[in-house]
Number of protein chains: 2
Amino acid sequence: MNAWQGFKGDHWKSSIDVRDFIQHNYTEYQGDDSFLEPIAPSTDKLWTKLQELFEVQHQKNGVYDMDVDIPATITSHQPGYLIQTEEKIVGLQTDVPLKQAFMPFGGIKMAQNALTSNGYETNEEMSKIFTDFRKTHNQGVFDAYTPEMRLARKNKIITGLPDAYGRGRIIGDYRRIALYGIDFLMEQKKKDHALTGYKEMNDDVIRLREEISEQYRALADMKEMAASYGFDISKPAANASEAIQWTYFGYLAAIKSQNGAAMSIGRISAFLDIYIQRDLDNGVITEFEAQELIDHLIMKLRMVKFARTPEYNQLFSGYPIWATLSIAGMGLDGRSLVTKNDFRILHTLTNMGPSPEPNLTVLYSSHLPEGFRTYSAKIAKESSSIQFENDDLLRANWGSDDCGIACCVSATVIGKDMQFFGARANLAKAVLYAINGGVDEKTKMQVAPNFRPMTGDTLDFEDFMSKYTDILDWLAELYVNTLNIIHYMHDKYAYEAPQLALMDSDLRRTFATGIAGISHATDSIMAIKHGNVKVIRDEDGMAIDYVPANEFPTYGNDQKEADDMANWILTYFMNQIKRHHTYRNSTPTTSLLTITSNVVYGKATGNTPDGRRAGKPLAPGANPSYRDGKFLGEKHGLLASLNSTARLDYTHALDGISNTQTINPNGLGKDDETRINNLRNVLDGYFDKGGYHINVNVFTNELLLDAQKHPEKYPNLTIRVSGYAVKFRDLTPEQQADVISRTSHDFM
Amino acid sequence: MNAWQGFKGDHWKSSIDVRDFIQHNYTEYQGDDSFLEPIAPSTDKLWTKLQELFEVQHQKNGVYDMDVDIPATITSHQPGYLIQTEEKIVGLQTDVPLKQAFMPFGGIKMAQNALTSNGYETNEEMSKIFTDFRKTHNQGVFDAYTPEMRLARKNKIITGLPDAYGRGRIIGDYRRIALYGIDFLMEQKKKDHALTGYKEMNDDVIRLREEISEQYRALADMKEMAASYGFDISKPAANASEAIQWTYFGYLAAIKSQNGAAMSIGRISAFLDIYIQRDLDNGVITEFEAQELIDHLIMKLRMVKFARTPEYNQLFSGYPIWATLSIAGMGLDGRSLVTKNDFRILHTLTNMGPSPEPNLTVLYSSHLPEGFRTYSAKIAKESSSIQFENDDLLRANWGSDDCGIACCVSATVIGKDMQFFGARANLAKAVLYAINGGVDEKTKMQVAPNFRPMTGDTLDFEDFMSKYTDILDWLAELYVNTLNIIHYMHDKYAYEAPQLALMDSDLRRTFATGIAGISHATDSIMAIKHGNVKVIRDEDGMAIDYVPANEFPTYGNDQKEADDMANWILTYFMNQIKRHHTYRNSTPTTSLLTITSNVVYGKATGNTPDGRRAGKPLAPGANPSYRDGKFLGEKHGLLASLNSTARLDYTHALDGISNTQTINPNGLGKDDETRINNLRNVLDGYFDKGGYHINVNVFTNELLLDAQKHPEKYPNLTIRVSGYAVKFRDLTPEQQADVISRTSHDFM
C-alpha cells in the first residue's frame with residue numbers, strides 16, 4: 001500500500017492500533033529549538049486576516065456572526081475559507097470564518113438564547129421542529145429530574161451541570177482517518193456491529209448496536225464533507241500534508257456537529273511527525289514547509305467558535321472551547337515521545353504569538369530530553385499560554401503512553417476511553433449545609449434532608465465531622481443520580497457520533513464527577529478543629545458567619561495535617577460516589593477542577609469557617625486559598641504551595657487535579673536564562689513529587705492591573721486560568737479581579 | 001362536585017378507578033331490544049354524506065385525500081367537521097373528513113411510500129427534517145438489527161413485524177377524561193412522576209420519568225385540541241353528551257398522533273350508559289337522543305383512516321384500523337355488565353347498516369342475560385360484522401371485569417395493561433426448516449443454523465421432533481430478540497404518549513408474540529407420525545414435496561390426538577419464548593392469530609407434509625385447515641371444528657386465539673328465529689367448553705361469489721375475517737379467493 005510506504009510494524013496494519021504505528025515509526029528528537037523556522041508568508045497573510053476578524057469579533061462581544069436556521073451537522077454547510085489560495089489546511093465549521101453554527105440538539109432554548117442574547121432573531125420554523133418533532137437533550141433532562149435535583153441545582157450545591165450545554169470532553173482518535181482512511185474504519189465498524197451482543201438482546205446491547213450504526217453514518221458523512229473541499233479521505237493519507245488535513249477533517253466533523261464544552265483534539269504530535277519526517281527524508285517538503293503546515297493547522301484550531309449562552313459564558317469565561325492538544329510524554333519503553341513536531345507546535349506561539357487555543361498541554365516528566373524541557377519552560381515563561389501534566393502519573397494510572405487530555409486535566413487513552421463529564425459539587429458549601437442542617441445559607445431553603453443543625457456558640461469538631469459526612473453521603477447520591485439522567489439523555493438526544501466513530505466500539509467509559517472548594521472545605525475543617533471558631537447567627541439562629549480565634553493549619557503551605565485533610569475529603573467523597581450505580585456501569589472518577597466557575601460558585605457560597613468572605617470566589621481547582629483576612633492564603637512561597645498540591649492523591653482524583661500558579665519573573669531569577677532553567681527545575685521537582693498539573697503564568701500583577709485599565713494595549717495578552725488559557729480582555733470584570741487577587745509568587 | 005351529582009361510591013373519587021365508578025353506578029339491563037329507537041334525521045344526513053365520501057374514497061383506492069407536509073400531532077390540525085350543524089359529537093383526525101394525516105415518526109420512508117404509492121408528491125423539507133434531524137422508529141430498528149434478523153424477516157419465518165408500521169394495540173382509558181377531566185389526570189401524573197424511582201437513578205427509572213413527563217404534556221395538548229373545538233375538558237363531563245364527547249376526544253388524541261396498526265377504543269359501553277341513564281332519569285335527554293349520540297360516536301369511529309403502504313395493505317387487507325369496541329361481559333360480583341348501551345351500540349349496525357369499524361366485540365358468557373345473548377346473535381347473523389370473546393376466560397385469566405380487546409383477540413385490563421405487539425412466527429414454515437436443516441424451501445437460503453437435514457425417502461417421527469424442537473428453540477430466541485429491538489426503538493422514537501397518559505404510570509406490560517400456521521404445523525406432524533409421508537426432493541436433494549400415504553388425525557375435526565399436538569406446539573414454543581429476556585421485563589404471551597396475513601404467509605411457504613400446496617394461504621389464526629387435497633380440512637361440521645378450537649389452551653395463548661367461521665344460514669335453521677336461537681346456543685356451548693373467540697359469518701358462498709363478480713351490487717357487504725370485519729370489496733383479489741375457499745359449514 002503506497003500510503004504506508006516505508007512505515008514499519010505489522011499489528012497496526014491489520015487492526016486499528018495507532019499507538020503501535022507510532023511506536024514503530026516515530027523519531028525521537030533530543031535536540032534543541034535551533035532547527036525551527038520562522039513564519040511563512042502564507043501564514044502571515046492568513047494570520048493577519050484572522051486577527052482582523054478577531055478584532056471585529058471582539059467589538060461584537062465575541063460573536064462575529066451566527067447561523068439562525070441551519071441546524072449544524074457534519075454536512076450542513078458548504079465549504080468555507082479564510083483566504084482559499086493561501087490555506088494549506090482547509091475546513092471551517094460553517095461556510096464563513098468565525099461564524100457560529102446553530103446547534104439545537106443539546107437544547108433548542110439554549111440555542112435560541114445564544115441567538116437572542118447576541119441580538120439575532122430566532123427562526124420560528126426551527127423552534128417548531130425542535131420542540132414539536134425533535135426533542136433535545138435539555139428537555140429530556142428536565143423531564144426526568146426530581147424536585148430535589150432542581151433544588152440542588154438552583155442552590156448551587158451541585159453546579160455547572162452539562163444539562164444546558166454539551167458535555168464535551170470526548171476525543172475522537174482523529175489520527176485514524178489519516179492512517180487508515182474512512183473506508184477501512186467503516187469496515188471495522190461493520191465488524192464491531194456484527195460482534196455486539198450475543199444471545200440476549202437487552203437494552204445495553206441494543207443501544208450500542210444503534211450507536212455503532214450512527215457512527216458508521218457519521219464516517220460516511222465525513223467523507224462527503226471532505227469531498228466538498230476536494231479531498232478523498234476514503235483512503236489513507238499519502239503524505240504529511242494529507243495526514244494533517246485528514247486528521248483535521250475528523251476533528252472538523254466533531255466541531256461541526258457537536259458543541260461540547262471541551263472539544264479537545266487529543267494527541268497528534270508524534271503521529272504527524274512521522275509523516276513529516278518521511279516527507280523530509282524523501283525531499284518532499286522542507287522544514288519551512290513543515291512549520292507552515294503546522295502553523296496552518298494550529299490557526300484552524302484558534303478559529304473554533306461555538307454559540308453560547310450568557311449563563312455559559314459566566315461559568316466558563318473568555319469563550320474557551322478547549323481544543324486541548326497534548327504533546328510530548330514518555331513512552332512505556334523508556335524512550336520519550338518528543339519529536340520535532342512538539343517543538344513546531346510550541347513554536348506556533350512564537351510565529352503567530354500567544355493564543356488561548358489550542359489549549360497546549362505538555363505531558364511532562366523529568367525524564368523528557370532536556371532540550372525539550374528547557375524549550376517548553378521557555379515558551380511557558382514567554383507566553384503564559386501552556387499547561388503541564390504529569391506524564392509519569394498518566395502512564396502509571398492509565399496504563400498507556402497514548403493518553404491525551406480532554407478539557408483541562410482529564411486524561412483519556414486516545415480512542416479507547418470516553419468520559420461522561422459531570423461538572424462539580426461544592427464541598428465548601430457542603431460545610432455550611434452540615435452546620436445549618438441542610439439549609440442553604442444564601443436562599444434559606446431546605447436543600448439537603450432535615451438534618452439536625454449545629455447549635456451553640458462555637459463549632460465542635462467531632463459533631464461537625466459526623467454532620468459533614470451525612471451531607472457528603474446525601475450529596476454523592478444525589479449528584480450521581482443527577483448525572484445518570486444527564487448522560488442517559490445526552491446519549492439519547494445529542495449523541496457524539498463523529499467522535500465515537502473514531503474510537504473503539506467497546507470503549508471504557510469514565511463517569512466524571514468533580515469537587516469545587518476543596519481548599520475552603522479543608523481550611524474550614526482545620527479552623528473548626530484548631531481555630532475555636534465562634535459562630536455568628538442571624539435572628540433565626542442560622543449560622544451566617546464564623547470567627548476563628550486561633551491560627552490553624554491551612555492547605556497550600558506545606559502543612560501536612562491540612563494537606564491530609566484535603567485528601568481525606570477527596571477520598572471520602574470519592575468512595576461515596578463509588579457506592580452508587582453509574583450510567584452504563586461507567587467507572588467513577590472525580591476531579592479537583594473548577595475552571596473559571598470558581599467565581600460563580602463563590603458568589604453563591606456564604607461566609608466559611610476558614611474566614612473566607614461570602615460571595616468571594618472560591619480558590620480555583622486544587623489551588624490553595626488566596627489571602628483573605630487574618631488566616632487564609634499561601635504564605636510560604638511557591639514551593640510550599642506546590643508541595644501541598646503535590647500531596648493530593650491522584651489515584652482518587654483520576655479526572656484530574658488542577659493547579660494554577662502565577663510567578664513574578666523576578667521571583668524566578670535575574671535574567672531570562674536563569675528564569676527558564678529555574679522554571680524547568682521547578683517543574684522537574686513538582687512532578688517528581690507527584691504533582692499532577694500546573695498552569696504556569698509568568699508575569700507581574702502590575703501587568704494585569706495595566707491590562708485591566710487599558711485593554712486596548714493588550715489585545716493578545718493570554719494568561720492561564722484554571723484549566724485553560726484565555727485572552728485577559730475576554731474575561732468578565734469579576735474574573736479579571738479574581739485573577740488579579742490570586743497569589744503571585746515573588747519567591748520560590 | 002356538580003358533574004358527579006348522583007353518582008355513588010367513594011374510592012373512584014379520590015384516586016383514578018373507573019371500574020369502581022362503573023361498579024357503583026351502572027344499571028344492568030335484562031330486557032330485550034324493544035326499547036331501541038330508529039335513526040335520527042341528523043344521523044341520516046351525516047351518514048348519507050359520509051357514504052358519498054366513502055364512495056369517492058373507494059374510487060380513489062381507499063384514499064380520499066392525504067396530508068403531505070403537516071407531521072401529525074395532537075394539536076397539528078384545525079378543527080374539522082362532516083356537517084358541523086348536524087354533528088352531536090365532533091372531532092376529526094385532520095381538518096377534512098377522511099383525509100389521511102402525515103405520520104412520519106414511525107418511519108419517514110413508510111410515510112412517504114404511503115404518499116407516493118397513492119400518487120402524492122413527497123415534501124423535501126419533511127424528508128430532511130425526519131432524516132437529518134429527527135430519527136424515526138424504522139431507522140432505529142434497522143440500525144440495531146442483526147443480519148440474522150434481516151434474513152429471518154426476508155424469508156418470512158418471522159413475519160409482519162411492526163418495524164415498518166406502528167405497533168398499536170395500546171388502549172388508553174379514554175373514559176378517564178370524562179370522569180375526571182384533564183386537570184385531575186395531570187395532577188395524578190405529577191404525583192406519579194414524584195413517586196417514580198427511589199435512591200437509584202437507573203435507565204429504567206429515567207426512561208419512565210421521562211415518559212410520564214411526555215404523558216403530562218400530551219394531556220395538556222388534549223385540552224388544547226378540545227378547546228379548538230370549543231370544549232373545556234379540563235373538568236369532568238357533566239352529562240351524557242359531554243361524557244361521550246370527552247371520551248372521544250381522548251381517543252381522537254391517540255388517532256391524531258399515532259398510527260398504530262390497531263387503535264382500539266376499549267370498553268366504554270357501561271361507563272357511558274351511566275351518564276345516559278342519569279340524563280334519562282333526569283329528563284335531560286330521551287332514548288331517541290341517546291341513540292343519536294351513540295350513532296354519532298360510532299360514525300366517528302367508522303371514519304378513522306391512516307395513510308398506509310402497499311406492503312401493509314397486503315398484510316392487513318381492507319384498511320382495518322381495529323377501533324375495537326368491547327361490550328357486555330360479566331362482573332366479578334355475578335351481575336352482568338350488560339346495559340342498554342350495549343344494545344344501542346349493536347343497534348348502530350341497523351341504524352346505519354353494517355360496517356367493519358368499529359370492530360364490535362361482544363365479551364360473551366352464557367351467563368349474560370338471555371335478551372342480550374339473543375340480540376347479539378341476531379345482529380351477528382344479520383351483519384356478519386361482530387365477534388365474540390369468552391368473557392369467562394378473560395375474568396379468570398386477567399383477574400378483572402374491566403378487560404377490553406385490543407385489535408382482534410388481545411385482552412388488556414383497561415388503563416392497567418399495555419401490550420408490546422409482536423406479529424408472528426410461521427411455525428408451518430418451521431416444520432420445513434426442521435426437515436431441510438434450516439434452509440428456506442423457497443429462497444434456498446440458510447436461514448436457521450446449519451442443522452443436519454432429514455434424509456431418506458420418508459420422514460421419521462422421532463427424528464423430526466428432535467429437529468423441530470431445535471428449530472423452535474432457535475426461532476424463539478431470535479424472535480424475542482428481534483422484538484426487544486423493535487419495542488426499544490418504538491418507545492424511543494414513536495412513544496404513544498396520549499394513550500399512556502390515560503393509563504396507570506406503573507402498568508403491566510405484556511410482550512406479545514404470535515404463531516402463524518398452527519393447523520398446518522399440527523397436521524404436518526400428524527402426517528409424519530401416522531401418514532408415512534414420502535418425501536420428494538429436487539436435484540439438490542432438498543425436500544420440496546410430501547405425499548402422505550395414509551390417513552392421519554387432523555386438527556379441526558374433534559380428534560383429540562391432533563388437538564393435543566396443536567397444544568403441544570403452542571406450549572413448547574411459549575415455554576421457549578418465556579426463557580428469554582424480554583424488553584422492560586414484560587410478561588411474554590403468544591397468540592394464534594394471523595389476521596389476513598395468512599395469505600401473504602402462505603405465499604411464502606412451500607408444500608407442507610400435511611398435503612397443503614405451496615403458496616396456498618395458511619388457515620388463518622387458530623382455524624383448522626381448509627380442504628386441500630385428500631386429507632386436509634374440516635369434515636365433521638361446525639361443532640366438531642369448534643370442539644377442536646375450544647381445546648386450545650388459552651392459558652398458554654394469553655394474547656388470544658382467533659377462530660373465524662362461516663355458517664350457511666340454512667345450516668342454522670329454517671327460519672330466522674330458529675337460526676338466531678341456534679346461533680346463541682352454539683355460542684353458549686362453544687364458550688362453555690372453553691373456546692376463546694369466534695368471528696361469526698352467516699351467509700352462503702354463493703353470495704360471496706356474486707359479490708366477487710359484481711362488487712358494485714355490494715358496496716357495504718361486510719364480513720368477518722381473522723380478527724376484524726372488512727368490506728368484501730376492499731379485500732385484495734387473493735384474499736377474496738381465500739375467504740371463498742374457506743369452509744362454509746352447511747351443518748352443525
Side-chain angles (χ1 to χ4, degrees), chain A residues 71 73-76 104-105 125-126 128-130 132-135 139-149 193-194 196-197 199-214 216-217 221 477-478 480-489 491-492 495 580-584, chain B residues 71 73-76 104-105 125-126 128-130 132-135 139-149 193-194 196-197 199-214 216-217 221 477-478 480-489 491-492 495 580-584:
Chain A
T73 64
I74 297 172
T75 56
S76 54
F105 297 101
E125 184 61 18
M126 289 298 129
K128 190 174 172 58
I129 292 171
F130 289 95
D132 290 357
F133 310 141
R134 173 50 153 95
K135 195 167 169 176
Q139 174 76 63
V141 169
F142 279 82
D143 274 359
Y145 268 173
T146 63
E148 193 183 23
M149 290 169 184
H193 193 264
T196 298
K199 295 276 181 195
E200 180 179 301
M201 203 49 83
N202 58 37
D203 291 4
D204 285 341
V205 171
I206 296 169
R207 172 166 48 199
L208 185 55
R209 292 183 63 85
E210 186 185 20
E211 287 173 353
I212 295 172
S213 293
E214 293 281 352
Y216 186 83
R217 270 194 295 279
D221 286 347
E477 180 190 315
L478 181 66
V480 170
N481 280 338
T482 304
L483 291 176
N484 283 340
I485 289 177
I486 290 172
H487 294 297
Y488 175 96
M489 294 298 174
D491 276 356
K492 184 169 182 184
Y495 181 67
H580 299 284
H581 163 74
T582 49
Y583 178 62
R584 296 183 93 161
Chain B
T73 64
I74 297 172
T75 55
S76 54
F105 297 101
E125 182 63 18
M126 289 298 129
K128 192 176 169 59
I129 291 172
F130 289 95
D132 291 358
F133 310 142
R134 172 50 153 94
K135 194 167 170 175
Q139 174 76 62
V141 169
F142 279 82
D143 274 0
Y145 267 174
T146 63
E148 194 183 24
M149 289 170 186
H193 193 263
T196 299
K199 293 278 180 195
E200 180 179 299
M201 203 48 85
N202 58 38
D203 291 4
D204 286 340
V205 172
I206 295 169
R207 172 166 45 200
L208 185 54
R209 291 184 64 84
E210 186 187 19
E211 287 174 352
I212 295 173
S213 293
E214 293 282 351
Y216 186 83
R217 270 194 294 279
D221 287 346
E477 179 189 315
L478 181 64
V480 171
N481 280 337
T482 304
L483 291 177
N484 283 340
I485 288 176
I486 289 173
H487 294 296
Y488 175 96
M489 295 299 174
D491 276 356
K492 185 169 180 183
Y495 180 69
H580 301 282
H581 163 75
T582 49
Y583 177 62
R584 296 182 93 161

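We name chains A, B, ... by the order of the sequence lines, and we start the count at 1 in each one.
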Of all residues at least two apart in sequence or in a different chain, which pass the side chain to side chain donor-acceptor pair (under 3.5 Å) check with Glu148(A)?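 Glu148(A): side chain to side chain donor-acceptor pair (under 3.5 Å) contacts with Trp474(A).
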Tell me, please, which residues at least two apart from Arg134(B) pass side chain to side chain donor-acceptor pair (under 3.5 Å).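 Scan of Arg134(B) (side chain to side chain donor-acceptor pair (under 3.5 Å), adjacent residues dropped) gives none.
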Separation of Glu125(A) CD from Glu125(B) CD (nearest 0.5 Å): 6.0 Å
Distance, nearest 0.5 Å, that separates CG of Asn202(B) from OG1 of Thr582(A):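 One finds 11.5 Å between CG of Asn202(B) and OG1 of Thr582(A).
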Looking at chain A, which one of [options] has the largest number of heavy-atom pairs inside 4.5 Å, strictly under?
{"options": "His580(B), Lys135(B), Gln139(B)", "result": "Lys135(B)"}
{"options": "Phe105(B), Tyr145(B), Tyr488(B)", "result": "Tyr488(B)"}
{"options": "Ile129(B), Leu478(B), Thr73(B)", "result": "Ile129(B)"}

Between [X] and [Y], what is the shortest heavy-atom contact and its length?
{"X": "Arg209(B)", "Y": "Ala144(A)", "answer": "NE-O, 2.5 Å"}
{"X": "Asn484(B)", "Y": "Met201(A)", "answer": "ND2-O, 3.1 Å"}
{"X": "His193(A)", "Y": "Asp143(B)", "answer": "NE2-O, 2.7 Å"}

For Met149(B), is it the side chain, the backbone, both or neither that has a heavy atom under 4.5 Å from a heavy atom of chain A? side chain
Less than 4.5 Å to any heavy atom of chain A: does that hold for the side chain of Tyr216(B), its backbone, both, or neither? neither
Between Glu200(A) and chain B, which part of the residue has a heavy atom less than 4.5 Å away: side chain, backbone, both or neither? both
Can you say whether Arg207(A) sits under 4.5 Å from chain B via the side chain, the backbone, both, or neither, judging by heavy atoms?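 Both parts, backbone and side chain.
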Report yes or no: does Asp203(B) contribute a side-chain atom to a donor-acceptor pair with the main-chain N or O of Tyr583(A) at less than 3.5 Å?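 Checked: no pair found.
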Ring centroids only, cut at 6.0 angstrom: are Phe133(A) and Phe130(B) within range, meaning strictly under it?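 That pair passes the under 6.0 Å test.
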What residue in Lys199(A), Arg584(A), Glu211(A), Glu210(A) has the most heavy-atom pairs under 4.5 Å with chain B? Glu210(A)
